[in-house]
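One structure is given below, encoded as structure tokens.
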Amino acid sequence: MGIRMIIRRLGGGLLVLWLVSILTFLLVHLIPGDPAEAVAGENATAADVERIRAELGLDRPVLEQYVTWFTGVLRGDLGRSLFTDKTVVDSIAGSAPPTLVITLMAIVVAVLVGVSAGIVAGLTRGSRVDRAVSALATLGIAMPSFWLAMVLVSVFSLTNPWLPATGYAELSEGFGTWLSHIVLPSTALGLATAAELARHTRGCVADVLTRPYIRTARARGASGGWLVRRHILRNAAIPVVTVLGLQAGRLLGGAIVIEAVFGISGLGTLAVNAVLQRNYPIIQGYVLLCAVVVVLLNLIVDLAYGWINPKVRTA
Amino acid sequence: MTLLSVEGLTIDLPGTQPGLVEDVTFEVNEGRCTALIGESGCGKSLTSLAVLGLLPPSVRVSAGAVVFDGVDLLTCSPRQLRKIRGGPVGMVFQEPMSSLNPSMTVGDQIAEARRLHLGEGRKVALARAKDLLDRVGIPNAARRLAAYPHEMSGGMQQRVMIAAAIACDPRLIIADEPTTALDVTIQAEILSLLRDLQRDLGLAVLLVTHDLGVVADFCDDVVVMYAGHIAERTGVDDLFYRPAHPYSAALLAAVPQAGQSRSRLTVIPGRVPTAGAFPPGCRFGPRCAHFTAPECARPQPHGRTRCGRVASGDLVLEGALHG
């Protein structure tokens, strides 16, 4: 992977982030309703609202507002929440850990379950295992995550009191406690992605198996794990990595629903409350964060392509 | 001394065509080159793949034996078969671009057989791979080890394939149309490389081809296949001077003659019957200029030729060469 390509990809990512910042900013101003009135409350006088509007800078031209906000963003200052005195950065940093942990663990679950099931199914195409994986994968894609979450809670928390049904624990409260709180949410969130990955992996592995170079490797005496590791997986990985990159962004959004089901106060709760209260600095911060995460994931996916596929490296 | 003997090999396409390849018997002798020739779709490649058990899952060997150095490869354990693949038997395939792993360096692909069969570490095997690249005539071998197949030309890729096939000092190379996908000038280079290797390493070669020029240049024994049957087994001189099957004679007649400019090109009318539509009796019958009912509609004799009329002396064929 050439340095120039990394720089090009990085530049593209930054451009996307900048465009997202404009859209985010405008979006909030296009939402019906006046943030100043929301802040002032129901019994405020027109003068109060005017004063608050001036305080927030909402009376100035939109372009000027954007420049002020964006220069702040560049310095890492996303402004303050309209209702508490906390900065947006602090609010987000306070709510982000449970969401990020659950999302990351969901990715781990998805990769572990999905990719391994897909590999086994692809290698044994037409077998009973393959048919079972395909059927389960279809089921997994069709099942809404909140419903799956409730089924998991009912089985693993209510019927059998093995895992806590709600809440989140800090890592400082002990690894076991921490893990027990994130197993169910991560699984509920990750299984749909696991199903998607399993289908793609199966298809890719089955496709690679028909390629002439696999026959060449067999003719050389390669078989079993050696053949799978060195000849099949790497060539089957590219489409799978693409899907994973797309799914990771979806998982971050899906975490909002899962937080609600498990009563965890994370980014989702923060974002939903911000929308309901028209707390636009928080909304802007949240959307920007999501954009950064998605752009970053895509960058990682692009770099992974180069690592997996030598043809990309020289291109 | 016989190194490889294929005896009565029969391959079925279950549900469509029993006897896709039927009762194929031939031998490859130590240090000699046997050609397997015929038009596309005659079962040459299937036969060569069946030797090392590399047939696609849709077809199945239903009878016969493939004896290499005293071991029947069709009935031996998978473990034993794996030891022979890439060890004493190397294989070269048709399209080097798709037959080399695109995400593995050529060095690793050449070194692979040595690591698998001789248990060499990566470093040692790569050092040996460099020598092999030198041996097959790739300049800058040390630097080329780290190249990927797509960074090389088709001819270079085929040299890599050959280097990988001879990595463990095999006794037999099976080459399935090794030059078909290459430019004409490159074809000649690859063939002369194969011939040098055969001579220097004392290799036996089973060469699948449909190029009679290659056969004349390179081979000692010839097996002519048609529609899954062996039409005739013969020596290379006999094939050109005294063909013993009308199909062989027709193939020879179809080669354009350089000496006779602007002469009409001879073709064999019709095409090879598809699997599932083989005629009864002589499979070449419907396209044969010498077809005579009812002899040719009956099952034909096995042996040196599968043409009853030639075997009985009823029909004498003309060769491409006289003398």
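Proteins get letters first, then strands, A, B, ... in listed order; numbering begins at 1 in each.
- Of the atoms belonging to B/Pro102, heavy atoms from both backbone and side chain fall under 4.5 Å from chain A.
- Ring-plane geometry between B/His150 and B/Tyr148 is classed as parallel, the angle between the planes falling under 30 degrees on a 0 to 90 degree scale with a further cut at 60.
- The 12-atom threshold is not exceeded at CZ of A/Arg199, counting heavy atoms of other residues, nucleotides or ligands nearer than 6.0 Å.
- Residues A/Val183 and A/Ser186 fail the side-chain proximity criterion, which asks for heavy atoms closer than 4.5 Å.
- When each of B/Gln109, B/Met161, B/His117 is scored by its heavy-atom pairs under 4.5 Å with chain A, the top score falls to B/Gln109.
- Neither the backbone nor the side chain of B/Gln94 comes within contact range of chain A; no heavy atoms are under 4.5 Å apart.
- Counting heavy atoms from C-beta on, the side chains of A/Tyr213 and A/Val208 come closer than 4.5 Å.
- Looking at B/Leu49, the atoms closer than 4.5 Å to chain A (heavy atoms on both sides) all sit in the side chain, from C-beta outward.
- Of the N and O atoms on the side chains of A/Ser127 and A/Asp130, not one donor lies less than 3.5 Å from an acceptor on the other residue.
- The number of heavy atoms from other shown groups lying within 6.0 Å of CZ (B/Arg195) is above 12.
- Residue with the most contacts toward chain A among B/Ser103, B/Gly90, B/Ala113, B/Pro57: B/Ser103 (heavy-atom pairs, distance under 4.5 Å).
- Taking 4.0 Å as the cut-off between side-chain N and carboxylate O, B/Arg159 and B/Glu189 count as a salt-bridged pair.
- Heavy-atom pairs under 4.5 Å with chain A were tallied for B/Asp108, B/Thr105, B/Leu100, B/Ile84; the largest tally goes to B/Leu100.
- No salt bridge links B/Glu120 with B/Arg115; every basic N to acidic carboxylate O contact stays at or beyond 4.0 Å.
- Of the residues considered (B/Leu54, B/Leu52, B/Val92), B/Leu54 shows the highest number of contacts with chain A, using heavy-atom pairs under 4.5 Å.
- Most heavy-atom pairs under 4.5 Å with chain A: of the set B/Ala167, B/Gly87, B/Gly86, B/Pro149, this distinction falls to B/Gly86.
- Between A/Arg8 and A/Asp302 there is no salt bridge, since none of the side-chain N atoms of the basic residue sits less than 4.0 Å from a carboxylate O of the acidic one.
- Taking non-hydrogen atoms and a 4.5 Å limit, the residue list of residues 215-227 of chain A in contact with chain B, ordered by number, reads A/Arg215, A/Thr216, A/Arg218, A/Ala219, A/Arg220, A/Gly221, A/Ala222, A/Ser223, A/Trp226.
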Under the side chain to side chain donor-acceptor pair (under 3.5 Å) criterion, do B/Glu177 and B/Ser45 qualify, and how do the steps go?
CA-CA 8 Å; B/Glu177 309 211 24; B/Ser45 287; 4.5 Å; no

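- Between chain A and the residues B/Arg82, B/Glu112, B/Glu95, B/Met104, the largest count of heavy-atom pairs under 4.5 Å involves B/Glu112.
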